[in-house]
Student: 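Sharing a structure with you now.
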Amino acid sequence: MAIANNRHERIIVEIRENLKLRLELLKSQILILVAKVFSDVLTNLLISVCILLAFLFGTVTLGFFFSDLLDSYWIGFSCLTAFYILVALIMLSRNAFVEKLLINFSIRRLLEKHLANEKTQ
């Protein structure tokens, strides 16, 4: 009977150690996942800011270019504004298409990253 109790105690100890190890592994995996998500969000934010700044400076440059062509700042920047309003109206009318396009792009990008991470592990 003492041998059976000793065996049960060893099994219980091994189960506890196994659970502790699994918990540590889960904590490590969650930490790695959070770090990856944080770095991905930070990188995307930085890229978005750079693209936004390039777009803004490009818009100002284009406005001055149109102004130079038309010999009037007012007309040049108004033409550019009208163009952006036209683009915005087209985007509003095609909202569902643009939304699907962005969703599919985002999902494809996340899956490619996930599959790349699976291959490296």
Side-chain angles (χ1 to χ4, degrees):
M1 195 68 176
I3 295 174
N5 283 339
N6 191 16
R7 196 177 292 164
H8 289 302
E9 288 174 11
R10 281 194 322 212
I11 291 173
I12 290 172
V13 168
E14 286 184 26
I15 288 173
R16 284 182 185 159
E17 288 177 12
N18 190 4
L19 288 175
K20 285 179 185 177
L21 289 174
R22 285 181 183 250
L23 184 62
E24 288 297 319
L25 178 63
L26 182 63
K27 286 179 183 178
S28 298
Q29 288 173 340
I30 289 173
L31 180 65
I32 290 170
L33 181 65
V34 168
K36 284 181 181 179
V37 168
F38 179 73
S39 66
D40 190 41
V41 167
L42 192 63
T43 304
N44 288 339
L45 182 65
L46 184 64
I47 290 171
S48 298
V49 167
C50 290
I51 289 172
L52 180 65
L53 288 174
F55 177 76
L56 289 174
F57 286 122
T59 298
V60 170
T61 303
L62 199 57
F64 280 119
F65 176 72
F66 287 153
S67 297
D68 190 43
L69 287 178
L70 300 171
D71 290 327
S72 171
Y73 288 123
W74 185 85
I75 295 173
F77 280 95
S78 296
C79 289
L80 189 61
T81 302
F83 172 73
Y84 284 139
I85 289 173
L86 180 66
V87 169
L89 290 174
I90 291 171
M91 296 275 290
L92 283 174
S93 68
R94 305 272 188 213
N95 189 23
F97 173 74
V98 173
E99 197 172 286
K100 285 181 186 177
L101 188 69
L102 289 174
I103 289 171
N104 289 337
F105 174 76
S106 300
I107 290 173
R108 191 177 311 117
R109 186 165 179 238
L110 287 172
L111 285 177
E112 286 173 359
K113 280 187 175 185
H114 179 69
L115 292 176
N117 287 339
E118 289 292 322
K119 289 178 184 176
T120 59
Q121 290 180 354

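For this chain, numbers begin at 1 and follow the sequence in order.
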Student: Test of understanding: clusters of I, L, V, M, F, W, Y form through side-chain heavy atoms closer than 4.5 Å, transitively. Do Leu26 and Leu19 belong to the same one?
Tutor: no
Student: Using the rule that two of Ile, Leu, Val, Met, Phe, Trp, Tyr join whenever any of their side-chain heavy atoms come within less than 4.5 Å, decide whether Leu62 and Leu69 are in one cluster.
Tutor: yes
Student: Would you say Leu56 ends up clustered with Ile51 if hydrophobic residues are merged whenever their side chains have heavy atoms under 4.5 Å apart, either directly or through other cluster members?
Tutor: no
Student: Any side-chain heavy atom of Thr59 within less than 4.5 Å of one from Tyr84?
Tutor: yes
Student: Between Val34 and Ile30, is there a side-chain heavy-atom distance shorter than 4.5 Å?
Tutor: yes
Student: Restricting to non-hydrogen atoms, name the atom on Leu80 and the atom on Gly63 that form the minimum distance, rounded to 0.1 Å.
Tutor: CD2-N, 3.6 Å
Student: Working to the nearest 0.5 angstrom, can you tell me the gap between Leu46 CG and Leu42 CG?
Tutor: 7.0 Å
Student: Within this structure, what is the CG-CD distance for the pair Asn104 and Glu99, rounded to the nearest 0.5 Å?
Tutor: 11.0 Å
Student: Below 4.5 Å, heavy atoms only, C-beta onward: do Leu33 and Gln29 meet side chain to side chain?
Tutor: no
Student: Can you measure from CD1 (Ile11) to NE2 (His8) and round to the nearest 0.5 angstrom?
Tutor: 6.5 Å
Student: Of the non-hydrogen atoms in Thr43 and Ser39, which two are nearest, and what is the gap between them?
Tutor: OG1-O, 2.7 Å
Student: With a 4.5 Å heavy-atom cut-off, do Phe83 and Val87 have their side chains touching?
Tutor: yes
Student: Working to the nearest 0.5 Å, report the span between CD of Glu24 and NZ of Lys20.
Tutor: 10.0 Å
Student: Between OH of Tyr73 and OG of Ser78, what distance do you get to the nearest 0.5 Å?
Tutor: 14.0 Å
Student: When hydrophobic residues are tied together by side-chain contacts of less than 4.5 Å, even through go-betweens, does Phe65 share a cluster with Phe55?
Tutor: yes
Student: Kindly compute the distance separating CG (Leu21) from CD (Glu14), expressed to the nearest 0.5 Å.
Tutor: 11.5 Å
Student: Considering only Ile, Leu, Val, Met, Phe, Trp and Tyr, and joining two whenever side-chain heavy atoms are under 4.5 Å apart, list the other residues clustered with Val13.
Tutor: none
